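Beneath this line is the structure, given in structure tokens, with notes to follow.
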Amino acid sequence: LSNQTANQTGMRVSLEVCSRFSTIICLIVVIAQSSTSEVLAQNLELPKLPYDYDALEPHIDEQTMQIHHMKHHMAYLNTLNGALTALRADESTKHIAKMGVDKALQHLEEVPEALRGPLRNGGGGFVNHVLFWNSMTANGTKAPESSEPLGQALDAAFGSFMAFKDAFHDKATKVFGSGWAWLVYDHASAAVAVVTTPNQDSPTMQKGLTPLLGLDCWEHAYYLKYQNRRPDYVTAFWEVVNWEEVAKRYQAAVATAKSEL
Amino acid sequence: ESAEDVNMLRQSLRSVSAVRNAVKAQGSRAMSSYSLPSLPYDLGALEPVVNTEIMTLHHGKHHATYVANLNAAMEKYADAEAKKDVAAMIALQGAIKFNGGGHVNHSIFWTNLCSPKDAVAVGDASPELAKMIDAQWGSLDAFKTEFNTKTAAVQGSGWGWLGYDKTAKKLAIATCANQDPLSTTGLVPLLGIDVWEHAYYLQYKNVRPEYL
């Protein structure tokens, strides 16, 4: 709605200007106004998956990937865009929309009550799934070695990579209702940890926690192929993890944490 | 302990009592042994609205797991109680609420449903209930619209309920998260709809409003 209104306003002003100047100048003004409206609109778009829908077979099936991305992720995006549009329309809340979704999720108390739920669920849902898709790749990649920074961090926190996998598996299978399991970097303790969040809450809601790897434990993430057998889904997940991406996020988080000191 | 801790403990203990009483009311035997009730119809009876595959999994796996986990939790709770280990009792409350709530909710759910060919209009089943629905919402359709809107909007897993408020002597629509039983709201459960994704996903995928 606000896209359309912005465009119409732009057009009206331009026509008034045209009555006093030459046609060429009118055209330039009209084009400028409509592109400003487009920039102001700033609806986020659904990023494409970094692979084909069947790339994660047989571990995560094609049909699930299609519905999960094109329906569920899209629905969160629509909710988020609705909330951002409303926030942008109000002078007192415009700044929240401009923060970027991750930051906005840390400022939920500043958001009007009616928009808090949509921002939390839609915004969380949007960023969580972007991270999720990017954390996976066809056939996965080699697990981090103990000689690598991420491998060292996992060893330090859990004793070994296997122990980390067990801890993650345990937490992921025990998420009750809808939620996520995460490997996070805790800035304060300079250590990695496994945490879970309910619904579409993101670890980024808490300052000082950077998500490195996330597993969607909502039933829609696995029900078509695994039905009630979530443990089988969690086991299969390891086959598609993109550890290179996770390691990159870890390095970035460590660097950010250092610069915050 | 802070006042907050004491309040939380009180609330938690109330939940445990609520679950215990509710499950007792379902007609289970000993305190430590809850059992999966049989469905009052065949697994295929609710076709084409809820298909056989969903009913098989929903009853035989999901509900059965709540019962098994509830039994395990209550046995541990009995042990903890015997040892007067309050910390252990508190630690078990989550599992009791999840699984006990799951058992209570699904036990009610199966009895709320019947084959489409056996369905009876609410006015024939209970003129009194039909009258109350009309009085409060104007019509059955208006009630359904509000119920479905609120239930479709449940974030994550949960239930939509038509409940009875004994104090106000009125009907009410409420939603609960996860397996929180309606008793936690003070309402008497009349009709509940499970909107955990396992209740509809195989058939309706993401389109929860169609399932409702």
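The basis for the numbers below is simple: all heavy atoms, side chains too, and nothing from hydrogens, waters or symmetry mates. This one's a predicted model, so the numbers in the text were calculated from it and none came from an experiment. Just so it is clear: chains get the letters A, B, ... in the order the sequence lines come, proteins before strands, and each one is counted from 1.
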Heavy-atom pairs under 4.5 Å with chain A, option from B/Q155, B/K205, B/K61, B/H58 with the top count: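 Answer, by heavy-atom pair count under 4.5 Å with chain A: B/Q155.
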
Among B/N178, B/V207, B/N206, the residue with the most heavy-atom pairs under 4.5 Å to chain A is B/N206

Look at the aromatic rings of A/H129 and A/W133 and report parallel, tilted or perpendicular, splitting at 30° and 60°.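 Taking A/W133 first and then A/H129, their aromatic rings sit tilted (interplane angle of 30° to 60°).
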
Mutual orientation of the aromatic rings belonging to B/H106 and B/F109 [parallel < 30°, tilted 30-60°, perpendicular > 60°]: perpendicular

With a 3.5 Å cut-off and no angle check, do the side chains of [X] and [Y] form a donor-acceptor pair?
{"X": "A/S202", "Y": "A/R120", "result": "no"}
{"X": "A/N128", "Y": "A/Q200", "result": "yes"}
{"X": "A/D90", "Y": "A/S92", "result": "yes"}
{"X": "B/Y211", "Y": "B/Q203", "result": "no"}
{"X": "B/T175", "Y": "B/W161", "result": "no"}

Using a heavy-atom cutoff of under 4.5 Å, enumerate the residues of residues 69-78 of chain A that contact chain B, numbered in order, or state 'none'.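 Under the 4.5 Å heavy-atom cut-off, A/K71, A/H72 qualify.
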
Under a 4.5 Å heavy-atom criterion, the part of residues 210-228 of chain A in contact with chain B comprises A/W218, A/E219, A/H220, A/Y223, A/L224, A/Q227, A/N228

To the nearest 0.5 Å, how far apart are CG in A/L119 and CG in A/L87? 6.0 Å

Taking every non-hydrogen atom, the tightest pair across A/V175 and A/T196: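 Scanning both residues completely, I find the closest heavy atoms to be CG2-CG2, 3.7 Å.
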
Test: A/R116 and A/E113 ion pair at under 4.0 Å: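 No, A/R116 and A/E113 are not salt-bridged.
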
Where on B/H62 is there a heavy atom nearer than 4.5 Å to chain A: the side chain, the backbone, both, or neither?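 Answer is side chain: those atoms of B/H62 sit under 4.5 Å from chain A.
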
Are A/H95 and A/H107 an aromatic pair by the rule of ring centers under 6.0 Å? no

